[in-house]
There are 2 protein chains.
Amino acid sequence: MADASMSSMEWEGSMTQTVAFQLSKLGQLSTALFAARLAPLGLRPRHCAVLELLRGGPLAQLELARAIGVTASVVVDMLDELQSLNAVRRVRDTEDRRRQLIELTPTGRDLGRQAFAAATETDAELLSGLDPAQLTALRSVLGAMAAERGLTGR
Amino acid sequence: MADASMSSMEWEGSMTQTVAFQLSKLGQLSTALFAARLAPLGLRPRHCAVLELLRGGPLAQLELARAIGVTASVVVDMLDELQSLNAVRRVRDTEDRRRQLIELTPTGRDLGRQAFAAATETDAELLSGLDPAQLTALRSVLGAMAAERGLTGR
DNA sequence: CCATATGATTCGGTATCCGAATGATATGAC
DNA sequence: GTCATATCATTCGGATACCGAATCATATGG
């Protein structure tokens with residue numbers, strides 16, 4: 001019942017054992033591993049949320065920004081990059097000529113599929129040391145935390 | 001037994017549901033929340049691993065770099081910052097005058113304690129929506145993943 | 001028709017990391 | 001001892017990812 005780890009002394013707690021710290025570090029690791037697998041496609045992790053969101057149909061840039069949780073200027077950069085890969089097109093909204101409707105090209109749709117494969121491979125790499133029970137628990141908890149905060153993007 | 005989520009069609013999977021993706025995003029969130037709580041102390045997340053490692057006694061800069069998992073030049077930057085806070089001292093190693101032994105000052109020790117408090121608060125914020133079972137599972141899995149890769153630092 | 005709001009863009013700034021080049025010191029071959 | 005080589009810290013330039021303020025075009029409502 002008693003946890004044996006803190007035996008007797010009032011010892012300063014370990015920061016590296018906090019969830020905040022480990023989540024930061026593992027997030028950084030995940031990003032790096034994912035980026036490495038995306039690199040051959042010319043993609044970077046931040047592009048993936050865009051590719052995924054656009055599967056459902058065209059969106060304006062501000063809609064993308066809000067969905068992903070970044071500012072409008074970041075979206076401009078990402079779309080410039082995706083456009084240079086021919087993954088997306090900007091189309092003026094005829095009903096409101098200020099808006100650009102962003103639509104996925106067939107190339108973009110294909111890149112999305114390959115990116116998903118890369119994500120799956122990264123998962124395998126990241127989770128190789130876990131037993132099935134841990135894996136289930138992790139997925140469930142991360143899903144809960146992400147959903148709770150509406151983290152679609154990045 | 002059969003997973004109901006992929007019913008009939010060959011539908012492109014969801015990248016935002018992969019562990020790699022969610023871990024990236026949640027790691028980013030953790031870092032931001034932790035940074036916000038550290039800001040009043042003049043610290044940033046990356047300083048914390050240094051403060052913690054030095055609790056055990058002085059270390060050379062390359063030893064810090066290896067323990068934390070960053071390059072030597074990053075350590076130089078972090079130590080410049082910590083030094084300007086009077087949190088650490090650089091002391092030439094008399095046995096090898098190329099080395100700088102980094103030692104924690106009383107101020108640094110105190111900042112470490114306050115940083116730990118900030119990390120604990122961040123955990124509370126981050127984990128508020130989880131039930132005890134999920135919390136236990138998360139800690140166990142993150143601990144396993146972090147330990148497996150020797151992630152001390154940030 | 002004009003004031004104001006909104007969408008996209010540009011520009012400059014911040015934070016974090018890396019790798020290559022540099023200078024000081026140590027070490028080992030001879 | 002001396003010289004080549006290795007190692008430690010540092011500096012410098014570059015990459016990535018983000019933000020916020022300013023700008024321009026277009027809409028909208030009085």
Side-chain angles (χ1 to χ4, degrees), chain A residues 21 24-25 27-36 38-39 42-50 58-84 88-103 151 153-154, chain B residues 21 24-25 27-36 38-39 42-50 58-84 88-103 151 153-154:
Chain A
F21 199 98
S24 286
K25 193 73 186 175
Q28 192 177 276
L29 175 65
S30 293
T31 304
L33 293 179
F34 190 26
L38 285 176
L43 291 174
R44 275 166 296 126
R46 62 177 187 161
H47 298 131
C48 293
V50 175
L59 290 175
Q61 297 188 191
L62 272 190
E63 292 173 327
L64 278 173
R66 276 188 274 267
I68 297 177
V70 296
T71 59
S73 53
V74 172
V75 172
V76 171
D77 286 343
M78 295 192 300
L79 291 181
D80 287 349
E81 291 156 358
L82 286 171
Q83 206 166 23
S84 76
V88 301
R89 255 192 308 267
R90 282 168 160 105
V91 181
R92 278 280 163 214
D93 183 346
T94 52
E95 315 222 325
D96 181 344
R97 297 189 35 74
R98 292 169 303 182
R99 304 178 116 211
Q100 304 263 37
L101 291 180
I102 311 303
E103 50 180 50
L151 300 183
R154 172 51 211 315
Chain B
F21 199 97
S24 287
K25 195 71 186 174
Q28 192 177 276
L29 175 65
S30 293
T31 304
L33 293 179
F34 191 26
L38 285 175
L43 292 174
R44 275 164 296 126
R46 64 175 184 162
H47 298 130
C48 291
V50 175
L59 290 174
Q61 297 189 192
L62 272 191
E63 292 173 326
L64 278 172
R66 276 189 273 266
I68 297 177
V70 296
T71 58
S73 52
V74 173
V75 172
V76 171
D77 286 344
M78 295 193 300
L79 291 181
D80 287 349
E81 292 156 358
L82 285 171
Q83 207 166 25
S84 76
V88 301
R89 256 193 306 268
R90 284 169 159 103
V91 182
R92 276 284 161 210
D93 183 347
T94 53
E95 313 221 326
D96 181 344
R97 298 190 33 73
R98 290 170 303 183
R99 307 178 114 213
Q100 303 262 39
L101 292 179
I102 312 302
E103 50 180 49
L151 299 184
R154 158 68 237 280

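Lettering follows sequence order; numbering is per chain, from 1. Atoms considered below: every heavy atom in the structure, side chains included; atoms not considered: hydrogens, waters and symmetry mates.
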Exercise. Rounded to the nearest 0.5 Å, how far apart are CD of A:E95 and CZ of A:R92?
Worked result: 14.5 Å
Seminar exercise, completed: Residues in residues 94-103 of chain B with a heavy atom under 4.0 Å of DNA chain C, by number, are B:D96, B:R97, B:R98
Problem set entry | Counterpart residues, salt bridge (Lys or Arg N to Asp or Glu O under 4.0 Å), relative to B:R66 (two or more places apart) | none
Exercise. How would you list, by chain and number, every residue that makes a side-chain hydrogen bond (donor to acceptor under 3.5 Å, both in side chains) with A:R89, sequence neighbours excluded?
Worked result: A:E103
Exercise. What distance separates B:L59 CG from B:R99 CZ, expressed to the nearest 0.5 Å?
Worked result: 9.0 Å
For this session: Looking at every strand, decide which applies to A:A35 at a 4.0 Å heavy-atom threshold: base, sugar-phosphate, or nothing.
Result: nothing
Give each protein N/O atom lying under 3.5 Å from an N/O atom of nucleotides 18-20 of chain C, with the pair distance.
residue	atom	partner	partner atom	Å
C:dC18	OP2	B:T71	N	3.0
C:dC18	OP2	B:T71	OG1	3.2
C:dG19	O6	B:S73	OG	2.9

For this session: Not counting sequence neighbours, which residues clear side chain to side chain contact (heavy atoms under 4.5 Å, CB included) with B:A35? List them please.
Result: B:P45
For this session: Write down the distance between CE (A:M78) and C1' (D:dC19), rounded to a whole number of angstrom.
Result: 13 Å
Exercise. Between atom CZ of B:F34 and atom CG of B:L29, what is the distance when rounded to the nearest 0.5 Å?
Worked result: 13.5 Å
Exercise. Between atom CD in B:Q28 and atom C1' in D:dC19, what is the gap in whole Å?
Worked result: 12 Å
Exercise. Which whole-number value in Å describes the distance from B:R92 CZ to C:dA26 C1'?
Worked result: 13 Å
Seminar exercise, completed: By salt bridge (Lys or Arg N to Asp or Glu O under 4.0 Å), A:R98 pairs with (sequence neighbours left out) A:D96
Exercise. Between atom CG in A:L79 and atom P in C:dT10, what is the gap in whole Å?
Worked result: 12 Å
Exercise. What is the distance, rounded to the nearest whole Å, between atom CG of B:L59 and atom C1' of D:dA9?
Worked result: 15 Å
Side-chain donor/acceptor pairs under 3.5 Å, residues 68-82 of chain A, sequence neighbours excluded:
residue	atom	partner	partner atom	Å
A:T71	OG1	A:S73	OG	3.3
A:D80	OD1	A:R90	NH1	3.1
A:D80	OD1	A:R90	NH2	3.1
A:E81	OE1	A:R44	NH2	3.2
A:E81	OE1	A:R46	NH2	3.3
A:E81	OE1	A:H47	NE2	2.6
A:E81	OE2	A:R44	NH2	3.1
A:E81	OE2	A:R46	NH2	3.1

For this session: Nearest whole angstrom, please: distance from the C1' of D:dT26 to the CG of A:D93.
Result: 12 Å
Exercise. Separation of B:D80 atom CG from D:dT11 atom C1', in whole Å?
Worked result: 11 Å
For this session: Please state whether the phosphate of D:dC18, meaning OP1 or OP2, lies under 4.0 angstrom from any side-chain nitrogen or oxygen of A:R46.
Result: yes
Seminar exercise, completed: A:L33 atom CG is separated from D:dT16 atom P, nearest whole Å, by 18 Å
